[in-house]
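Reading through the structure tokens given below for one structure.
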Amino acid sequence: MLRLARRLLLALAAGTALSAVPAEAQPSFPNRTLTVIVPFAAGGPTDTVTRLVAEAMGRDLGQTMVVENVGGAGGTLGAQRVANARPDGHTLLLHHIGMATTPTLYRRLAYDPVGGFEPVGLVTEVPMTLVARNNFPATTLAEAVAIIRRDQDKLNYANAGIGAASHLCGLLLMSAVNAPMTTVPFRGTGPAMQELLAGRIDLMCDQTTNTTEQILGHQLKVFAVTTQSRIGALPNVPTSAEGGLPAFEVSVWHGLYAPKATPPEIVNRLSQSLQVALRDPRLVARFRELGTEPVAQDRATPAAHRAFWTADIAKWRPIIQAAGQFAD
Ligand code: MLT
């Protein structure tokens, strides 16, 4: 009995000692390596953007930010990993427009595609390009459209699964030309690019962060950029409107997320670090080489990100419902 009382007293004393620890000695944030999940395979556009952001944020936070690729199911496997992670700010998600389309496209997810996350800030909006294998028998968008309308599902079109940017861009293209192609899904457009370069895939719509260098290296055909005006990295590539498809316009916004219930002071510290990263000259220069640029600083905030994300979910919901194509 005496021994138990003694142990309880010691435990109480230890507890008192711990509670007397001054606030500044509480574990600071970040207090260990951080992990940012990319919901697509390595080597693709999301991976490219994330590695540049992770390197710059790691410098600012004073901790390594490891990039982990969790591909599959149009990006939902990676998103689910973060939705289920400890909300301590050390596990993050960098994802794109798929966060706005998944809530409508996927009706039976094992996680909450909106309520499972705290938006930290927007990162960048990346143009897309319609590209083809190098020996595809077309030079202009009009010629490519004529072949798509003639050959239809004899042509194979690569994407990264339902809900991926390459899937949405394909939806817009096929509805604009009113011709279905055979879709070949990959765990990301990184692996898809390898098949396109090998001539085993006919066409793909992918972000300039994954196509600019191949286009400038004449390794594949390019027919259009899906923005209202031409982009500095690819000045000779016409817009889809110039090529006769004004409805074929889409840009891929990216955002950074923490799990739901991550403390606001940690979310705000992450947002501050993201803003520092988006001002980093090395990141800005590399983004420009790849046809994109960081968002303005006032968009890299939790409030701006949440407002934009909420509006984009509402924008895509009727479009997807009208198409009647769902993932499950
Ligand atoms: C990727 O990073 O592989 C792409 O973003 C996939 C996609 O959304 O098309």
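Order of listing sets the numbers, starting from 1, for every ligand and every atom in it.
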**Asked** Which heavy-atom pair separates Asp202 from Leu155 by the least distance, and what is that distance?
**Response** OD2-CA, 3.4 Å

**Item:** Counterpart residues, ring pair (Phe, Tyr, Trp, His ring centres under 6.0 Å), relative to His96 (two or more places apart)
**Value:** Phe40, His254

Indicate every side-chain donor-acceptor pair of residues 173-180 with a distance under 3.5 Å to a residue at least two apart or in another chain.
residue, atom, partner, partner atom, Å
Ser175, OG, Leu171, O, 2.9
Ser175, OG, Leu172, O, 3.0

**Prompt:** Among side-chain atoms of Ser273 and Asp60, is any donor-acceptor pair under 3.5 angstrom?
**Reply:** yes

Protein N/O near ligand 1 N/O, under 3.5 Å, which pairs?
residue, atom, partner, partner atom, Å
ligand 1, 2 (O), Thr46, N, 3.0
ligand 1, 2 (O), Thr46, OG1, 2.7
ligand 1, 3 (O), Thr189, N, 2.8
ligand 1, 3 (O), Thr189, OG1, 3.2
ligand 1, 5 (O), Thr46, OG1, 2.8
ligand 1, 5 (O), His96, NE2, 3.4
ligand 1, 5 (O), Gln207, NE2, 3.1
ligand 1, 8 (O), His96, NE2, 2.6
ligand 1, 8 (O), Ala165, N, 2.8
ligand 1, 9 (O), Ser166, N, 2.9
ligand 1, 9 (O), Ser166, OG, 2.5

**Request:** Output all residues satisfying side-chain hydrogen bond (donor to acceptor under 3.5 Å, both in side chains) with Arg86, sequence neighbours left out; order by chain, then residue number.
**Result:** Asp88

**Message:** For a quick check under 3.5 Å, do Thr292 and Thr124 share a side-chain donor-acceptor pair by atom type?
**Reply:** yes

